[in-house]
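Values below: every heavy atom of this structure, side chains too, minus hydrogens, waters and symmetry copies. These numbers come from a predicted model, not from an experiment. Every chain is numbered from 1 and lettered A, B, ... according to where its sequence line falls, protein lines coming before strand lines.
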Protein chains: 2
Amino acid sequence: MTGPRRYAPAELRAFCTQALARAGARPGDADLVADGLIAADLRGVHSHGALRIGIYVDRLRAGSIDPGAELEIVRDAGAVAVADAHAGLGIAMAARAMDLAIARARAHGIAAVGVRNGNHCGMLAQYALRATAAGQVGIAASNADAQVAPWGARAKFLGTNPLAVAVPAGDEPPIVLDMATSVVAHAKVKGAADRGESIPPDWAVDPSGNPTTDPAQALAGALLPFGGPKGSGISILIDLLAGILPGGRSGPEIVPLYQRLDEPQGVGHLFMALRIDAFCAPQAFAQRVDETVRRIRALPAAAGAARAYLPGELEHLRARESRTRGIPLPSDAVAEVERTAALVGLAAPRPLPKEA
Amino acid sequence: MTGPRRYAPAELRAFCTQALARAGARPGDADLVADGLIAADLRGVHSHGALRIGIYVDRLRAGSIDPGAELEIVRDAGAVAVADAHAGLGIAMAARAMDLAIARARAHGIAAVGVRNGNHCGMLAQYALRATAAGQVGIAASNADAQVAPWGARAKFLGTNPLAVAVPAGDEPPIVLDMATSVVAHAKVKGAADRGESIPPDWAVDPSGNPTTDPAQALAGALLPFGGPKGSGISILIDLLAGILPGGRSGPEIVPLYQRLDEPQGVGHLFMALRIDAFCAPQAFAQRVDETVRRIRALPAAAGAARAYLPGELEHLRARESRTRGIPLPSDAVAEVERTAALVGLAAPRPLPKEA
């Protein structure tokens, strides 16, 4: 059995940029989206990598992603702004909104930017990491279409409502938590259904509200929030703060990414940035974060674990490897890249020669 | 078997105020602390209610809580401030820091206040709720002494690092998430040990890192974070943002509340406030939050559940009941209140007459 074939990041990125351009995206937007997809693939978060190029192109062609949209600031209170993404390319609009939060935090020490009428914006870690690159703590949250039952209910209401927080370190890589607030992503259940596999009983409930190991029943029922009532509470708050606070939609009103392709999704996001040097001396902070990272790594390991990894550490190691060896693209992503290539009339990127 | 005896909230509050005053607290501080303790008891969070009056008095008498301390702003960047609590009464210092965040958010739309050299500050929901009373979203986080193993490790490093977020509604009560980032609070394991009961195997690990149902082994080992690696990540971030960012201590450096009573604990907090009307029209927001609350309540119930409750809803209902019927104080809290009364030379509050 051979593993997934590897692709040169630059070639994959160029393909994504060109495919988006052929579907009508402006160069600046296409670059931001391609960067976001490749960043995800590099970190091993393939569910938000080149796999998504197909649906973005589909939605551009169907008109539900508007390549002409500009991020419009509709409310401006200095350290707080609200932007309307006007159904533009999700990742491009989100990156600009995060950059706005970073700029405002530069002026005020802290800032928040809410976004309404957004589209699927990929891996949230990328936005939080834009802040660490500017010497800031970055926080990103997004709501999403209803797939998850609030704790105590058995019907879909919440999205997988992800949250990312990144903190810059010194010599160590930034600490980056990026998590769905469901036990697992929808894609994992869908994948199990496609492969005819069963799922663990704590991922989802069937339409009657009972735990199920049958992914088809899970998809008909609802995913469960992570961590029981606590994760459910966090997810509800993300729907309120990323969806409703910027004047946008709540989970059940959001159009799913792969359904009703001619309708904009109406996703909401909240981006926050905190300038380290508004709180303390950045050098001292960096040193103490490094120290904490090393102390956690050096703790005695749990039964069955190699050691404790910091949030985002494994993804950082994967990215370092993939930058030199190429991105190991899973077969479903390769299939979507090839389908997209045919759709827009481009040659699909070719895998790297097999390693000796 | 009879349930716990009920106490009049006003009488319990007056007792706490007087006990703190006799131990040297200034009137304003004693009021804030008593309010915080009674708010917790009203909400049924007895682990942070009058139960704690004893240790606060002990620490005042031992000198590790300084009744003369003022919250000193040591760094001021407009929307961001850092305060040194100088080992003052934890709840009083924390309430003032939250109020500072609320005032700064009034000016800037959003604000954050970090606190170092704090002490145990009780139920975090009280700070988040100070913000909703001002038409703002409130966020409160605190680090704590090491009791929890980061995911992948088997040794204590993190505190139970709680997080509270409150969002104002319209006619509905505010939504208030207030949670430890461990599966359970340390007090629950301690209680099981005292009563000779076993604990569920997912609460803690023994010193070898294996799941244990023996609370003594759990106390010698480490508590587990809620939600596996996700909750562990949130807890690590709280240690960084509430502890290290304001220039304070990390978990392993914090003095446990019930040990080394002559040393200040050095707890760190982070308080944030977001003004609703910086993002959108508050009336419209309140209406949409109410709508969301009612939609979630009306969802079909999960197997074995009555219905989905919003974060903080059960606590709100309990507070409403206890305000009229009195606070049902658990026996360990009654014992601490009586011990404290003897210590400071006050009569202990008497329970209400038994209900017919």
Side-chain angles (χ1 to χ4, degrees), chain A residues 75 77-80 82 108-112 114 137 149-155 157 165 167 175 177 179 205 208-210 226-227 230-231 233-234 236-237 239-241 244-247 250 252 274-276 278-280 285 288-289 292 295-296 299-303 305 307-311, chain B residues 75 77-80 82 108-112 114 137 149-155 157 165 167 175 177 179 205 208-210 226-227 230-231 233-234 236-237 239-241 244-247 250 252 274-276 278-280 285 288-289 292 295-296 299-303 305 307-311:
Chain A
R75 225 171 155 105
V80 169
V82 175
H108 300 280
I110 183 173
V137 172
W151 189 252
R154 68 168 187 266
F157 185 91
V165 184
V167 174
I175 291 157
L177 180 71
M179 51 175 246
V205 291
S208 313
N210 293 307
F226 92 102
K230 295 181 181 187
I234 294 175
I236 289 172
L237 284 159
D239 194 54
L240 296 176
L241 299 181
I244 292 178
L245 188 61
S250 170
L274 290 80
R275 225 178 59 216
I276 302 292
F279 288 87
C280 63
F285 180 77
R288 294 207 53 206
V289 173
T292 302
R295 288 175 76 178
I296 290 178
L299 291 171
R307 66 165 169 90
Y309 286 86
L310 276 294
Chain B
R75 228 174 152 102
V80 169
V82 175
H108 299 281
I110 183 173
V137 172
W151 189 251
R154 69 169 186 265
F157 186 90
V165 184
V167 174
I175 292 156
L177 180 72
M179 52 177 243
V205 291
S208 313
N210 294 307
F226 93 102
K230 295 181 181 187
I234 293 174
I236 290 172
L237 285 158
D239 195 53
L240 296 177
L241 299 181
I244 293 179
L245 188 60
S250 171
L274 291 80
R275 224 178 60 216
I276 302 292
F279 289 87
C280 62
F285 180 76
R288 295 208 52 208
V289 173
T292 302
R295 289 176 75 179
I296 289 177
L299 291 172
R307 65 166 171 89
Y309 285 86
L310 276 294

* Taking only residues two or more places apart in sequence, or in another chain, which ones meet B/Arg288 in a side chain to side chain donor-acceptor pair (under 3.5 Å)? -> A/Glu253
* **Validation row: A/Phe226, B/Phe226 side chains within 4.5 angstrom (heavy atoms)** => yes
* Flag the pair B/Ile234 / A/Ile234 as yes when at least one side-chain heavy-atom distance between them is below 4.5 Å, and no otherwise. => yes
* Drop me the distance from B/Ile175's CD1 to A/Leu240's CG, to the nearest 0.5 angstrom. => 4.5 Å
* Please state whether the side chain, the backbone, both or neither of B/Leu245 comes within less than 4.5 Å of a heavy atom of chain A. => both
* **Contact class of B/Ala149 relative to chain A, heavy atoms under 4.5 angstrom** => neither
* To do: Considering only heavy atoms and a distance below 4.5 Å, find which of B/Val289, B/Val167, B/Ile296, B/Leu310 pairs most often with chain A.
  => B/Ile296
* To do: Go through B/Ala153, B/Pro311, B/Gly78, B/Ala79 and name the one with the most non-hydrogen pairs under 4.5 angstrom from chain A.
  => B/Ala153
* Does any non-hydrogen side-chain atom of B/Val80 lie less than 4.5 Å from one of A/Leu274? -> no
* B/Val165 portion near chain A, given a 4.5 angstrom heavy-atom threshold -> both
* Toward chain A, the part of B/Ile244 with a non-hydrogen atom under 4.5 Å -> both
* Could you have a look at A/His108, A/Arg275, A/Lys230 and say which one has the most heavy-atom pairs with chain B under 4.5 angstrom? => A/Lys230
* To do: Against chain A, label B/Leu241 side chain, backbone, both or neither, depending on which of its atoms sit under 4.5 Å from a heavy atom there.
  => side chain
* chain B contacts, top residue of A/Ile110, A/Asp239, A/Val82 (heavy-atom pairs, under 4.5 Å) -> A/Ile110
* Please determine, among B/Ala303, B/Ala301, B/Ala77, the option with the most heavy-atom pairs under 4.5 Å with chain A. => B/Ala301
* Of the non-hydrogen atoms in A/Arg75 and B/Phe279, which two are nearest, and what is the gap between them? -> CD-O, 3.0 Å
* Return the option, out of A/Cys280, A/Gly209, A/Gly227, with the maximum number of heavy-atom pairs under 4.5 Å with chain B. => A/Cys280
* **Max heavy-atom pair count under 4.5 Å with chain A, selected residue of B/Ala302, B/Ser250, B/Ala305, B/Ala112** => B/Ala302
* To do: Could you have a look at B/Gly109, B/Ser208, B/Ala278 and say which one has the most heavy-atom pairs with chain A under 4.5 angstrom?
  => B/Ala278
